[in-house]
Amino acid sequence: MILTMGHFTPPKLLLALCLLFPIAASFSTSNDGKTYIIHMDKTGMPSTFSTQHDWYVSTLSSLSSADDIPPIHLYSYKHVMDGFSAVLSQTHLDQLESLPGHVATFPESIGHLHTTHTPKFLGLNKRAGAWPAGKFGDDVIIGVLDTGIWPESESFNDKNMPPVPQRWRGICETGTEFNTSHCNKKLIGARKFSQGMKQVGLNISSTDDYDSPRDYMGHGSHTSSTAGGSPVQHADYFGYAKGTATGMAPLARIAMYKVIFYSGDSDGYDAAATDTLAGMDQAIEDGVDIMSLSLGFFETPFYENPIAIGAFAALKKGIFVTCSAGNSGPHGYTMLNGAPWLTTIGAGTIDRQFGAEVTLGNGSIIVTGTSIYPENLFISRVPVYFGLGNRSKEVCDWNSLDPKDVAGKFLFCDYDDESSQFRQMSENDRYGLDIAGATGAIFSEDDAEFLHPDYFYMPIVIVSTKDGNLLKNYIMNTTNATVSVKFGLTLLGTKPAPKVAYFSSRGPDRRSPWTLKPDILAPGYHILAAWVPNRGFAPIREDDYLLTDYALVSGTSMSCPHVAGIAALLKAAHRDWSPAAIRSALMTTADVMDNANGRIIDMTTEVAGTPLDFGAGHVNPNKAMDPGLVYDIVAEDYINYLCAMNYTSQQVQIITGTSNLTCQYASLDLNYPSFLVLLNNTNTSTTTFKRVLTNVADNSSVYRAVISAPQGMTALVQPTTLTFSGKNSKAEFNMTVEIDLEAASVTPQSDYFGNYGFLSWYEVNGRHVVRSPVVSAIASPKT
């Protein structure tokens with residue numbers, strides 16, 4: 001079993017914790033008073049004070065002004081920072097900054113309510129579009145197979161939720177630290193399946209997991225809240241990504257089926273195939289509408305794959321099943337969960353970055369770098385250390401720095417074009433002595449977006465090489481250069497976005513290369529969602545870990561539940577749609593352009609990606625709600641596909657539960673919303689596809705075909721015009737695609753990809769566009 005979450009920090013001894021307190025809104029008072037956040041050095045607290053709070057209040061009371069208006073204390077902070085907030089006049093401020101123990105003062109800022117942040121990035125709006133049209137997922141049940149759930153999380157509160165649907169047949173099991181009272185009108189079911197694990201000798205850890213539906217790792221709580229979590233205001237990750245955390249379908253119900261457990265015997269999280277099948281089987285029995293699996297097994301024939309088998313049974317009951325594609329990118333043939341009856345999700349970035357503001361001297365140079373350091377920290381005018389004249393020290397090579405030289409200073413580490421020094425140092429037991437005595441460090445390099453939160457366990461900022469050169473030149477030409485750093489910035493609207501995440505697995509699928517995978521891209525990079533709050537998550541300093549209710553995590557595990565929640569919206573609005581119709585609506589309305597109006601790019605190469613990276617494009621919930629036409633598929637079509645894969649009758653029966661097969665209509669040409677042409681050894685091929693489109697709009701309509709084909713590809717559609725008499729009417733067409741890369745002198749971009757174009761059906765005098773990618777690719781020799 002492969003758990004498709006990126007960059008998880010294993011549990012370690014918890015030595016530090018962080019609790020969040022509210023911060024007052026910024027405002028100006030009369031008599032020129034303003035709100036400030038004051039950072040103090042707790043080592044400077046006189047011994048006469050028993051608490052820091054008493055020290056802060058006494059400090060404020062010692063301040064005076066000509067108008068005799070005293071400062072106003074707002075909050076004392078105990079964990080997020082050492083310091084307090086207060087309303088001060090300029091006179092008060094001047095006095096305070098000269099007192100012992102003062103570190104830095106920053107004016108308060110006004111926060112504007114916004115989500116954190118994928119619903120907004122996806123265009124979801126309370127008043128129009130997919131949310132109200134899909135009733136926010138009301139009456140739809142999402143079954144999640146994962147590591148369990150933390151029921152006390154605010155993401156699973158049932159405030160204002162209507163009664164549990166009467167059709168629900170599930171239960172809430174009792175077990176270790178879990179009982180029936182933990183379920184409510186949001187979390188309507190919770191079960192665990194661990195017998196298979198135990199039978200193969202993988203005993204469930206009693207210290208690092210629960211043999212119950214309760215989540216220990218955090219993964220299941222994160223995915224569940226992403227799909228259908230209730231709105232939670234003021235959620236954040238140590239000050240980053242502040243806003244309202246909400247699931248894609250906030251009124252949907254959640255049922256947890258815990259199938260993944262930590263075993264000390266294997267020293268990892270595992271799911272037995274028997275347990276996974278049992279979980280899927282129970283989910284079907286209980287009456288879920290959507291099934292979300294952010295996990296995968298190594299690619300085997302479908303008749304040996306528990307997810308493929310369980311999902312086929314689900315589709316026969318009309319249950320939409322979505323799975324993560326895997327985190328083995330950016331190379332080809334790395335897909336998991338490639339069965340064509342699964343909707344397989346790749347991961348993309350969103351238009352949000354986290355950072356810190358770096359100021360040199362008195363503001364001579366101000367740049368913004370990347371950082372996710374988990375402490376509300378402000379560094380004020382600290383001396384800068386740059387090992388000028390010694391290249392090893394200039395780039396902060398491993399073991400090159402003398403702790404005596406860097407103690408109390410902020411390092412500047414120059415760019416090294418041979419490798420990323422930052423990541424090299426992080427891979428060597430983090431930083432060790434190289435910056436142990438330093439206040440923090442600034443690294444100059446252009447790979448910041450590849451770094452996950454674990455790397456920022458010290459006050460670290462990554463600046464671009466362009467900005468790094470500015471900083472370096474200033475430091476080299478300034479005597480006693482100092483730096484101030486403000487952490488905790490969240491930058492929205494960054495471009496370009498989305499990008500295909502570097503870890504997202506790519507097609508073609510090894511076992512089923514005749515259908516394009518992944519199907520679609522969804523947010524899966526630095527996603528904020530619910531976490532388990534009782535153990536350390538965010539590393540800080542040497543060996544400490546901080547607690548958090550909400551965590552930033554990356555992986556196709558995170559993109560999968562986004563689509564599960566969006567599918568719940570579609571299901572709520574279109575109860576009669578099949579799983580294939582829902583997938584078609586998602587795919588044919590997906591975006592292939594980013595917010596900079598260019599083709600979605602690959603995060604690794606920084607050039608335009610291909611449908612083997614992003615599938616049909618990036619999910620667009622509002623457009624998917626009204627696709628115009630869909631490519632529908634029934635169970636019999638998949639059976640014919642399996643027959644054409646040369647599976648035996650017994651093997652097909654294992655997958656489908658269907659006996660007495662004739663395979664009379666065996667065909668590899670599914671009625672899929674995408675087209676894939678497999679190339680031969682000469683990079684040529686001619687393939688004819690047959691498709692049937694179904695009108696799901698209420699009115700009659702006419703559509704015309706438009707082909708966008710690159711050099712080396714020609715496509716002929718017959719007929720070029722389709723007429724639909726009304727809702728649920730159907731129309732057929734054929735498309736012949738000829739690929740000849742040799743004659744066109746087209747060099748394939750890789751050893752698995754040829755070229756691609758699009759077939760789009762445009763509604764005449766209407767607004768619908770039904771777009772499908774047309775791709776040529778080379779199948780893996782291991783099919």
Over 60° means perpendicular and under 30° means parallel, so classify the ring planes of F354 and Y240, tilted if in between. perpendicular

Any side-chain heavy atom of V737 sitting closer than 4.5 Å to one from T714? no

Quick one, P773 and M587 - any side-chain contact, counting heavy atoms below 4.5 Å? no

Tell me the ring pair (Phe, Tyr, Trp, His ring centres under 6.0 Å) pairs involving residues 606-636, sequence neighbours left out? F121-H618

Drop me the distance from I142's CD1 to S224's OG, to the nearest 0.5 angstrom. 9.0 Å

Could you tell me whether the side chain of L586 reaches within less than 4.5 Å of the side chain of D519, counting heavy atoms only? no

Separation between OH (Y525) and NZ (K499), nearest 0.5 Å, reads 9.5 Å

Taking C-beta and beyond as the side chain, do M713 and D740 meet within less than 4.5 Å on heavy atoms? no

Between R510 and Y333 (side chain of the first, backbone of the second, donor and acceptor by atom type, cut-off under 3.5 Å), is there such a pair? yes

Taking S584 for its side chain and A580 for its backbone only, find out whether a donor-acceptor pair lies under 3.5 Å. no

So do the side chains of I600 and P498 get within less than 4.5 Å of each other, counting heavy atoms only? yes

How about R575: does its CZ atom have over 12 heavy atoms from other parts shown lying under 6.0 Å from it? yes

Indicate the atoms forming the closest heavy-atom contact of L342 with Y672, along with that distance. O-OH, 4.1 Å

If only atom types and distance count, is the side chain of N695 paired as donor or acceptor with the main-chain N or O of N699 below 3.5 Å? yes

Using a strict 4.0 Å threshold on nitrogen-to-oxygen distance, state whether D632 and K730 make a salt bridge. no

Apply the test side chain to side chain contact (heavy atoms under 4.5 Å, CB included) to residues V592 and R771: give CA-CA distance (whole Å), side-chain angles for both, the deciding distance (0.1 Å), then the verdict. CA-CA 10 Å; V592 296; R771 183 179 56 242; 4.0 Å; yes

Using a 4.5 Å cut-off on heavy atoms from C-beta on, say whether the side chain of V321 contacts that of W341. no

May I ask you to test the L491-R352 pair for a side-chain heavy-atom distance under 4.5 Å? no

I need the F297 CZ to I307 CD1 distance, nearest 0.5 Å. 5.5 Å

Could you check whether any side-chain N or O of D146 sits under 3.5 Å from a backbone N or O of G220, counting only pairs where one atom can act as donor and the other as acceptor? yes

Heavy-atom closest pair (P621 atom, L124 atom, distance to 0.1 Å) is CB-CD2, 3.8 Å

Between Y237 and Y550, does the ring centre distance come in under 6.0 Å? no

Write down the atom of P508, the atom of P513, and the distance for their closest heavy-atom approach. CB-CB, 4.5 Å

Would you please test I633 and L670 for side chain to side chain contact (heavy atoms under 4.5 Å, CB included) and show each step? CA-CA 8 Å; I633 306 175; L670 275 173; 4.2 Å; yes

Check whether any side-chain N or O of S505 sits under 3.5 Å from a backbone N or O of T334 as a donor-acceptor pair, and report yes or no. yes

So, T688 and T736: side-chain donor and acceptor under 3.5 Å apart, yes or no? yes

Between the main-chain N or O of I141 and the side-chain N or O of D289, is there a donor-acceptor pair closer than 3.5 Å? yes

Determine yes or no for a side-chain-to-main-chain donor-acceptor pair under 3.5 angstrom, with S667 supplying the side chain and D669 the backbone. yes

Mind running side chain to side chain donor-acceptor pair (under 3.5 Å) on S557 and H219 for me, showing each step along the way? CA-CA 8 Å; S557 278; H219 188 275; 2.9 Å; yes

Test side chain to side chain contact (heavy atoms under 4.5 Å, CB included) on S504 and D613; report intermediate values, then the result. CA-CA 8 Å; S504 187; D613 307 320; over 6 Å; no

Has N622 got a side-chain atom pairing as donor or acceptor with A130's backbone, closer than 3.5 angstrom? yes

Point-to-point distance, once rounded to the nearest 0.5 Å, from NZ of K495 to CG of N597: 9.0 Å

From the list L521, L122, I345, side chain to side chain contact (heavy atoms under 4.5 Å, CB included) with H562 holds only for L122

Please determine whether the number of non-hydrogen atoms from other residues, nucleotides or ligands lying under 6.0 Å from atom NZ of K727 exceeds 12. yes

Side chain D637, main chain V634, donor-acceptor under 3.5 Å: yes

For F675, the option from Y756, W514, F689 that meets ring-ring contact (aromatic ring centres under 6.0 Å, His included): F689

Atom CD in E738, atom OG in S685: separation rounded to 0.5 Å? 9.0 Å

For a 4.5 angstrom cut-off between non-hydrogen side-chain atoms, does P330 reach F503? no

Kindly determine whether Y638 and L315 satisfy side chain to side chain contact (heavy atoms under 4.5 Å, CB included), including the steps that lead there. CA-CA 11 Å; Y638 293 118; L315 86 87; 4.1 Å; yes

Other residues, nucleotides, ligands: >12 heavy atoms within 6.0 Å of K316 NZ: yes

Just by distance, no angles: are the side chains of T589 and N620 close enough, under 3.5 Å, to form a donor-acceptor pair? no

Gap separating the CD atom of E449 from the OG1 atom of T494, nearest 0.5 angstrom: 9.5 Å

Checking N755 against S776 for the side chain to side chain donor-acceptor pair (under 3.5 Å) test, could you report, in this order, the C-alpha distance in whole Å, the side-chain angles of both residues, the deciding distance, and whether it holds? CA-CA 5 Å; N755 56 4; S776 69; 2.6 Å; yes

Closer than 3.5 angstrom, by distance alone: can the side chain of D591 be matched with the main-chain N or O of M593 as a donor-acceptor pair? no

Identify the two heavy atoms, one from M603 and one from F450, that lie closest to each other, and give their separation to 0.1 Å. O-CZ, 3.3 Å

Give the minimum heavy-atom separation between P561 and T223, together with the two atoms involved. CB-O, 3.2 Å

Relative to the ring of W577, is the ring of H574 parallel (under 30°), tilted (30 to 60°) or perpendicular (over 60°)? parallel

Cut-off 3.5 Å, side chains only: do T556 and N327 have a donor facing an acceptor? yes

Heavy-atom closest pair, residues G129 and P132: O-CD, 3.3 Å

